[in-house]
Number of protein chains: 2
Amino acid sequence: MSISSRFSVGIHILTLIELNTDGVSSSEFIASSVNTNPAVIRKLMGMLKKANLIVVQPGIAGAKLAKKPSEITLFDVYKAVNVVQEKELFSLHEHPNPKCTVGKNIQNTIEPIFLTAQNAMEQVLKGVTLEAVVKDISLKESLI
Amino acid sequence: MSISSRFSVGIHILTLIELNTDGVSSSEFIASSVNTNPAVIRKLMGMLKKANLIVVQPGIAGAKLAKKPSEITLFDVYKAVNVVQEKELFSLHEHPNPKCTVGKNIQNTIEPIFLTAQNAMEQVLKGVTLEAVVKDISLKESLI
DNA sequence: TCATGGTGTAATTACAATGATTACAAGTTT
DNA sequence: AAACTTGTAATCATTGTAATTACACCATGA
């Protein structure tokens with residue numbers, strides 16, 4: 001299993017919109033950078049729009065960021081593209097036997113541990129802004 | 001997406017083996033507690049055995065822990081049942097356009113962030129031992 | 001020794017999620 | 001009106017999961 005690449009593509013889209021200052025960031029343009037189908041990008045743009053991360057209008061080419069890059073964290077993107085359901089990074093097996101001591105209690109014991117682990121991962125994402133990503137890419141490019 | 005329930009079932013199996021002191025922990029017995037098919041349990045037991053967490057022998061009913069519960073962490077189980085490939089909790093989209101500044105650099109920029117996030121989650125799992133799980137379940141049971 | 005019951009493992013099935021693709025309605029611009 | 005864009009639904013191939021069946025192989029006890 002792996003967290004869907006929608007997440008990394010979402011980050012890619014936002015980064016590209018921010019750095020593409022002199023062109024128009026249409027779904028086709030973005031798709032050519034991501035190397036996928038424009039419809040895939042439009043679907044993701046719809047999610048990013050719904051999460052109020054970008055502004056897009058039907059018929060009008062190009063998307064813009066809805067906030068400053070310093071105000072968008074990777075956690076926002078992660079939530080926007082819906083790669084992990086709330087509280088469900090880890091699955092619990094269903095219907096363990098309630099007649100058994102372990103079966104009856106295992107879920108209540110494990111769940112808080114799983115939530116703590118998921119939260120630790122998400123905290124890291126909250127600590128990284130789109131601005132940091134954009135700066136890192138600009139830095140890498142300037143060194144070439 | 002969600003991390004396979006193999007993980008929670010793996011924890012269930014080990015906990016049950018530890019707490020089932022007066023019976024034999026056969027795959028059928030464990031399956032009835034987990035509420036699944038014995039073959040599913042045997043497959044997981046094979047993984048736990050390979051990771052040196054339990055001792056099972058062909059033809060001989062019952063599994064035993066290969067280590068003390070205090071020496072087994074949830075991270076060991078997580079690795080044993082192979083729910084997440086090394087360094088691959090998050091997928092990177094493949095083949096972004098190398099002719100584009102963003103496409104060329106996005107993977108190198110994002111990867112260390114993803115690894116940091118994955119590591120934070122795994123550190124939590126390393127901090128929880130099977131002993132802690134067993135004790136918590138015993139405590140819950142004693143309160144009833 | 002042989003019947004019984006266990007583990008180990010492969011094959012099959014059903015199901016869900018993903019990502020690519022096509023198609024088209026609806027909006028905008030010139 | 002023509003050309004281009006977004007929004008969205010439908011379809012398809014692929015993949016991973018979990019359940020199930022089947023059977024080879026091993027150990028034990030009558």
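Letters go in sequence order (proteins before strands), and every chain restarts at 1.
Between C/dT7 and B/Lys43, no contact under 4.0 Å exists linking OP1 or OP2 to a side-chain N or O. In terms of phosphate contacts, B/Arg6 brings a side-chain nitrogen or oxygen within less than 4.0 Å of OP1 or OP2 of D/dT17. The phosphate of C/dG19 has neither OP1 nor OP2 within less than 4.0 Å of any side-chain N or O from A/Thr36. For the pair A/Ser5 and C/dG19, the criterion of a side-chain N or O lying under 4.0 Å from OP1 or OP2 is met. Phosphate contact (OP1/OP2 of D/dG7, side-chain N/O of A/Lys49, threshold under 4.0 Å): present.
To the nearest angstrom, C1' of D/dT11 lies 13 Å from CG of A/Asn37. Counting to the nearest Å, the P atom of C/dG27 and the CD atom of A/Gln57 are 13 Å from each other. Rounded to whole angstrom, the span from the CG atom of A/Leu92 across to the C1' atom of D/dA18 amounts to 16 Å. Distance, A/Ile41 CD1 to C/dA20 C1': 12 Å, rounded to whole Å.
Counting only heavy atoms from C-beta on, B/Pro58 has its side chain closest to D/dC26 among D/dT8, C/dT29, D/dC26.
The distance from the OG1 atom of A/Thr15 to the CG atom of A/Leu130 is 5.0 Å, given to the nearest 0.5 Å.
Using a 4.0 Å heavy-atom criterion, one finds that A/Ala61 contacts the sugar-phosphate atoms exclusively.
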